[in-house]
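This report concerns only the one structure given below.
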Amino acid sequence: MKHIVIIGNGISGTTAARNIRKRSNHTITIISSETDHFYSRTALMYIYMGHMKYEHTKPYEDGFWKKNKIDLVRDHVTDVHPKTKSLTLQSGRSIEYDILIIASGSKSNKFGWPGQDLEGVQGLYSYQDLERMEQTTKGISQAVIVGGGLIGIEMAEMLLSRKISVTLLVREKEFWNNVLPLQEANMISRHIRSHHVSLKLESELKEIQADEKDSVKAVVTKAGETIPCQFVGLTVGVSPNIEFLKDSGIEVKRGVIVNEFLETNIQDVYALGDCVERNYELPGRKNIEQVWYTSRMMGEVLAQTICGNKTKYEPGPWFNSAKFFDIEYQTYGNVANVLGSSETDFYWEHKSGMKSMHLVWDKNSNQFLGINSFGIRLRHECFDQWLRENRSITYVLKHLAEANFDPEFFPRYESEIMASFAIKFPHAELNPRLA
Amino acid sequence: MRAVKLFGLILLLIGFILFNATFFLARYKLTPEVIESKISEGPSRDLFFQTSTEMQGQTFATSFSFVTELRKNFEAINQEQISNYGITQEEVFDLVARSGKQFTLASVDSLYLGGDEASEFKKKAWKDYGGWLEGREFLSPEELQTQLEGVVNNINQYAIINQVGFDRYQVKDLTYSITKASAIGPVASNPLLFLFLTIGLFIIGALTYILPKLNLLPGIKNNGIFFNAMKNTGWLGILTGTWLIVFYIILYFYPEYMTNWVIVVDPVSRVLNGNEAGRFFLYGFIYTLCILVMGVRMIIHYRHSKYQILRTYSVMFFQTAFAFLIPEILIRLNKPYFDFKNIWPLDYSFFFDSRINELVSHGTLGLFMLGWGVALIIIGVPVLVYFFGKRWYCSWVCGCGGLAETLGDPYRQLSNKTIKAWKVERWMVHGVLVFAIVMTAGVIYTYWTDASWFLFFDSYKLREVYGAFIGAGFAGVVGTGFYPLMGNRVWCRFGCPLAAYLGIVQRFKSRFRITTNGGQCISCGNCSTYCEMGIDVRWYAQRGQNIVRSSCVGCGICSSVCPRGVLNLEVKEESGRFGKPILIGNNHIKISE
């Protein structure tokens with residue numbers, strides 16, 4: 001029986017702990033300075049908006065951990081000593097481990113802007129960030145958000161729910177255009193504006209100005225525009241939270257370097273989740289993936305390895321999802337913001353401007369490569385299978401109805417999509433109606 | 001938009017305050033006309049006339065003083081009748097002396113020779129209540145005396161009050177109807193005006209408050225729910241819950257005090273069924289209006305979801321047509337009151353002798369109704385649950401469900417999601433089902449055999465206990481009164497025996513389940529939070545397991561509030577329904593928990 005210590009109680013660390021418990025009798029300790037119990041980070045916005053309370057975001061009842069003999073320690077790890085296999089905690093306490101799992105997650109990026117540490121300027125990643133935001137947005141009327149990504153739009157929605165007017169500065173041509181193709185990015189930009197967000201595209205932050213009390217007063221853009229505000233959200237991405245490892249001898253670059261077994265350069269020290277940088281390539285994937293799903297999958301894999309079944313981290317076809325105000329988004333496979341040289345695509349948008357579908361395939365082999373769907377729910381299982389089976393675009397379109405996951409009685413769009421496809425691609429070998 | 005909403009809120013509050021004021025807005029005066037119209041001709045009426053002379057001259061300022069005085073009259077009449085007709089201790093001694101050790105009714109005849117009314121009554125009472133002692137021989141006169149005293153006790157307690165006085169059921173009914181008829185004041189003389197000023201203003205205000213929601217873009221708009229004093233068990237929620245609980249207690253147990261409210265809807269009742277309103281007409285009327293008005297809110301709130309829209313139209317239709325209008329029209333046509341969508345054991349009195357006799361006496365239509373009711377129980381429930389899940393009833397048709405899904409929707413997040421609550425729920429709801437079955441078995445046994453004693457209980461007593469504690473207490477007082485305190489499905493979850501029956505079928509033999517979408521769950525908890533039945537939906541979603549739970553009413557809100565499109569209500573072949581949990585995403589790993 002070994003003592004397994006996990007730094008971080010997010011989705012990756014918790015998934016590892018749960019799956020190790022299912023397969024072994026090892027002693028398991030999870031250390032976190034953020035919260036006493038595992039909660040769903042993705043639900044932070046709903047606490048602020050009053051959809052839920054903190055307690056609703058905890059996926060397991062508090063008694064679950066004791067019942068499953070997983071010890072929880074509320075403390076902050078300041079140093080890791082691989083030679084003595086021990087950790088030093090902020091409280092002064094020291095903990096020894098047989099196996100260490102680093103799952104310390106991310107922290108919000110700041111790019112050295114003047115005024116970025118003023119009162120009222122922050123990112124949104126942790127529970128403490130939420131508490132700060134709750135404090136600093138009390139009674140204010142104007143906010144600026146810098147960064148057109150998933151956290152930025154969530155923050156916009158949060159602030160609007162408190163009747164705070166929002167200006168969103170986005171560097172790209174359209175919202176999230178560094179990930180989404182122009183058509184979808186444009187559709188979401190329109191939707192953002194329909195919620196009365198002042199969306200400033202191709203706009204970047206120059207500096208944040210302070211009032212006499214060192215609180216934020218306004219932001220100045222690179223174009224020279226001054227926008228008065230009492231709160232600035234910095235949502236320009238996150239990076240691995242690995243400061244505490246710098247003297248440990250564990251190899252880090254941007255993140256903790258791991259191989260395909262999620263092993264670090266030091267024996268019995270593993271890392272997973274947001275804080276990890278893979279030292280090997282996976283086709284179509286970045287080496288740092290800060291996504292709920294990949295963190296969860298790494299936890300599942302590592303538990304296998306630690307319980308004696310050494311397993312590589314080999315994620316299947318890419319998938320992700322999000323929600324932009326009222327528009328749900330799902331993606332399967334790879335749809336890049338700019339088509340690859342051998343790729344071709346088909347984009348359909350509903351006249352409401354609230355639904356769209358974007359399919360990408362290889363123009364030589366007709367192999368289906370990926371899909372973006374907005375406002376229409378799709379069945380993960382179908383696309384996972386079709387992508388694994390290298391199905392053709394024709395096959396996917398023909399079976400599109402099977403993949404619909406919308407609730408009963410919802411309007412269906414398959415025939416409209418097919419008709420529109422047939423106009424754009426009349427040749428028989430592609431057209432599912434003729435093939 | 002804010003101004004319009006505020007205006008609506010003010011109207012609604014005025015309507016509400018006036019409704020409460022109406023409760024007190026009457027004086028009461030007992031007139032000979034009222035007595036003649038409410039108590040049928042006979043010695044009882046004469047007695048009442050004599051006893052109540054003092055009361056008839058007076059005007060009472062509140063229903064409380066009037067009802068108290070009225071009760072004193074009934075009590076005085078009963079006391080007087082007991083002294084007139086009661087059997088005295090001397091008479092018992094006399095009988096013992098005449099009988100020795102053996103009792104004969106002949107000795108009774110020889111005792112009462114007066115031929116007056118009281119003597120005749122006593123002779124008959126001895127025969128009815130003491131006939132079983134005829135010819136019995138006892139070891140000693142003392143033993144006979146003990147037996148006779150028991151008989152006397154029964155006569156004095158029941159026979160006199162039932163036959164020449166007012167028993168407690170009559171007292172209850174007459175107190176209510178006499179109080180209602182005795183009301184004088186603005187409401188009684190102008191019910192239509194007050195109908196407008198109370199319920200009318202309330203509805204106009206509510207709609208004015210609700211309709212501006214159309215300005216919001218369609219989509220899930222749950223902003224601020226947990227900051228809201230009404231929706232997060234704050235002071236407003238507690239106050240509303242208290243008001244509802246008090247309303248239900250008055251409605252079920254003290255209707256004689258709320259007669260002024262009933263008067264307000266008399267005109268509506270006369271239009272619909274030709275009679276003056278009863279308290280349950282008032283209740284049904286308000287209930288239907290709540291479902292309609294809050295149904296409008298529900299439709300606007302979830303107007304991006306066709307499932308929610310259709311479901312809400314359905315409960316609005318079934319409440320208005322099946323629960324409210326059709327039964328009233330049936331009464332107008334002199335047919336039995338019948339709600340075609342109410343099913344035993346929710347409709348716990350379906351097999352009561354009074355109702356069966358009424359149906360049977362109405363010929364073909366009555367027999368059809370009887371057959372329809374039985375068919376729903378033994379064919380309708382299992383077949384429809386097999387094809388659609390119990391939602392076909394609980395969240396598309398049922399009246400309790402209809403109210404929960406409309407008036408109760410703002411409170412759905414208050415249901416308890418703990419494992420402990422689930423345990424309590426299973427014991428409690430199935431306990432009520434067993435109670436309902438045993439009670440009904442007793443009722444049917446009594447119907448066939450005329451014997452009130454069934455197994456180890458008195459079937460009359462048991463149906464009374466069920467009616468008070470389950471029918472009124474649980475379904476009404478707790479069921480609706482606890483909306484703002486414990487969520488909108490307290491009754492459906494913990495108490496409804498029909499939900500338990502539908503649930504057993506759904507759990508073991510149905511094509512219905514909620515499926516989860518591969519690996520897309522982010523454990524955010526919206527689904528669990530907004531599940532009115534307290535199902536921890538996320539527990540299943542995050543491990544990729546179908547949700548097959550007996551309590552699920554299929555409202556579909558978990559699917560609506562899911563920000564990632566993970567949950568879907570589906571009807572598919574039975575195989576694979578209890579599939580192992582699967583999370584898609586990882587190669588080489590099959591997570592089976």
Side-chain angles (χ1 to χ4, degrees), chain A residues 11 19 22 39-43 46-47 49-53 56-61 63 160-162 191 194-195 292-294 296-297 300-301 304 311-317 319-323 325-328 330 354 373 376-381 383-384 405-411, chain B residues 217-228 231-232 304-311 413 417-420 515-526 528-530 536 538-539 542 556 559-571 582-589 591 593:
Chain A
I11 177 65
N19 283 286
K22 257 180 257 164
Y39 78 99
S40 178
R41 192 174 301 293
T42 49
Y46 299 112
I47 301 175
M49 290 162 67
H51 292 209
M52 285 193 268
K53 294 201 267 194
H56 296 115
T57 67
K58 290 189 277 190
Y60 303 96
E61 284 183 31
L160 286 182
S161 80
R162 301 277 183 99
H191 185 58
S194 77
H195 277 273
W292 175 274
Y293 308 115
T294 51
R296 192 200 74 217
M297 288 189 276
E300 292 162 1
V301 171
Q304 299 272 346
T311 307
K312 281 184 189 172
Y313 171 58
E314 285 185 322
F319 68 97
N320 201 0
S321 63
K323 193 174 178 188
F325 285 98
D326 303 313
I327 301 183
E328 287 174 21
Q330 292 183 341
M354 300 276 284
S373 181
I376 298 173
R377 293 175 174 181
L378 296 175
R379 214 176 275 274
H380 188 176
E381 206 181 343
F383 281 97
D384 189 71
F405 200 68
D406 272 340
E408 294 148 297
F409 307 118
F410 269 46
Chain B
L217 291 169
I220 294 298
K221 298 289 176 307
N222 286 335
N223 292 349
I225 283 186
F226 280 99
F227 310 137
N228 188 309
K231 300 171 189 167
N232 187 27
H304 59 293
S305 168
K306 217 160 177 198
Y307 182 80
Q308 299 302 343
I309 293 173
L310 288 176
R311 192 168 70 78
Q413 65 282 354
K417 307 332 189 267
T418 58
I419 294 170
K420 201 173 154 196
T515 52
T516 58
N517 198 4
Q520 290 278 26
C521 177
I522 52 166
S523 302
C524 70
N526 273 295
S528 295
T529 305
Y530 288 92
D536 190 359
R538 165 175 55 193
W539 174 268
Q542 67 192 358
S559 167
S560 291
V561 296
C562 176
R564 305 294 177 115
V566 173
L567 298 157
N568 201 9
L569 279 57
E570 293 196 73
V571 170
I582 298 165
L583 281 176
I584 296 178
N586 259 328
N587 288 348
H588 309 310
I589 293 194
I591 302 291
E593 317 212 359

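Chain letters run A, B, ... following the sequence lines, proteins first and then strands; every chain starts at 1. Note that the coordinates shown come from a computational prediction; the quantities given were computed from them, not determined experimentally.
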Residue [X] versus chain A: region with a heavy atom under 4.5 Å:
| X | value |
| --- | --- |
| B:Leu567 | backbone |
| B:Thr418 | both |
| B:Ser559 | both |

### Task
Show the numbers, then the answer: is there a side-chain contact (heavy atoms from CB on, under 4.5 Å) between A:Gln330 and B:Arg564?
CA-CA 7 Å; A:Gln330 292 183 341; B:Arg564 305 294 177 115; 5.6 Å; no
Could you check if a side-chain atom of [X] sits within less than 4.5 angstrom of a side-chain atom of [Y], using non-hydrogen atoms only?
| X | Y | result |
| --- | --- | --- |
| A:Glu314 | B:Asn586 | no |
| A:Glu328 | B:Pro563 | no |
| A:Trp292 | B:Cys521 | no |
| A:Thr42 | B:Ser523 | no |
| A:His51 | B:Asn526 | yes |
| B:Arg311 | A:Phe409 | no |
| B:Asn232 | A:Lys53 | yes |

How close do [X] and [Y] get, counting heavy atoms only, and between which atoms?
| X | Y | answer |
| --- | --- | --- |
| B:Gln520 | A:Phe319 | OE1-CD1, 3.6 Å |
| A:Asp406 | B:Asn568 | O-ND2, 3.4 Å |
| A:Arg162 | B:Phe227 | NH2-CZ, 3.5 Å |

For [X], is it the side chain, the backbone, both or neither that has a heavy atom under 4.5 Å from a heavy atom of chain B?
| X | value |
| --- | --- |
| A:Leu378 | backbone |
| A:Ile11 | neither |
| A:Tyr313 | side chain |
| A:Ser194 | both |

Against chain B, work out which of [options] has the most heavy-atom pairs shorter than 4.5 Å and name it.
| options | value |
| --- | --- |
| A:Ala43, A:Pro317, A:Gly316 | A:Gly316 |
| A:Asn320, A:Asp384, A:Thr294 | A:Asn320 |
| A:Pro59, A:Pro407, A:Gly63, A:Ala322 | A:Pro59 |
| A:Glu381, A:Lys323, A:Arg379 | A:Arg379 |

Among the listed options [options], the residue most often paired with chain A at heavy-atom distances under 4.5 Å:
| options | answer |
| --- | --- |
| B:Asn228, B:Thr515, B:Ile419, B:Ile309 | B:Ile419 |
| B:Asn223, B:Val566, B:Asn517 | B:Asn517 |
| B:Pro218, B:Gly518, B:Cys524 | B:Cys524 |
| B:Glu570, B:Gln413, B:Lys417 | B:Glu570 |

### Message
Any salt bridge linking B:Arg538 with A:Glu61? Criterion: basic side-chain nitrogen under 4.0 Å from a carboxylate oxygen.
### Response
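Here B:Arg538 does not pair with A:Glu61 in a salt bridge, since their nearest N and O are not under 4.0 Å apart.
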### Task
Evaluate side-chain contact (heavy atoms from CB on, under 4.5 Å) for B:Ile522 paired with A:Tyr293, printing each intermediate quantity in order.
CA-CA 8 Å; B:Ile522 52 166; A:Tyr293 308 115; 3.5 Å; yes
### Task
Start with the C-alpha distance between A:Arg296 and B:Leu583, add both sets of side-chain angles, then the distance that settles side-chain contact (heavy atoms from CB on, under 4.5 Å), and finish with yes or no.
CA-CA 10 Å; A:Arg296 192 200 74 217; B:Leu583 281 176; 3.7 Å; yes
### Task
Kindly assign one of parallel, tilted or perpendicular to the pair B:Trp539 and A:Tyr60, based on the angle between their ring planes and the thresholds 30° and 60°.
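Judged by the thresholds at 30° and 60°, the geometry between B:Trp539 and A:Tyr60 is perpendicular.
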### Query
Are the aromatic ring centres of A:His56 and B:Phe226 under 6.0 angstrom apart?
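Distance test on ring centres: under 6.0 Å, yes.
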### Message
Can you tell me how far apart CZ (A:Phe405) and OG1 (B:Thr516) are? Round to the nearest 0.5 Å.
### Response
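Going from CZ on A:Phe405 over to OG1 on B:Thr516, the span is 7.0 Å.
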#### Entry: Point-to-point distance, once rounded to the nearest 0.5 Å, from CG of B:Asn222 to CE of A:Met52
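Here the interatomic distance stands at 9.5 Å.
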### Under the salt bridge (charged side-chain N to carboxylate O under 4.0 Å, His left out) test, residues paired with B:Lys221 that sit two or more places apart
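For B:Lys221, the residues satisfying salt bridge (charged side-chain N to carboxylate O under 4.0 Å, His left out) (neighbours in sequence not counted) are A:Asp326.
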### Message
Let's go through A:His195 and B:Leu217 carefully: what are the C-alpha distance in whole Å and the side-chain angles of both, what is the deciding distance for side-chain contact (heavy atoms from CB on, under 4.5 Å) to 0.1 Å, and is it a yes or a no?
### Response
CA-CA 8 Å; A:His195 277 273; B:Leu217 291 169; 3.2 Å; yes
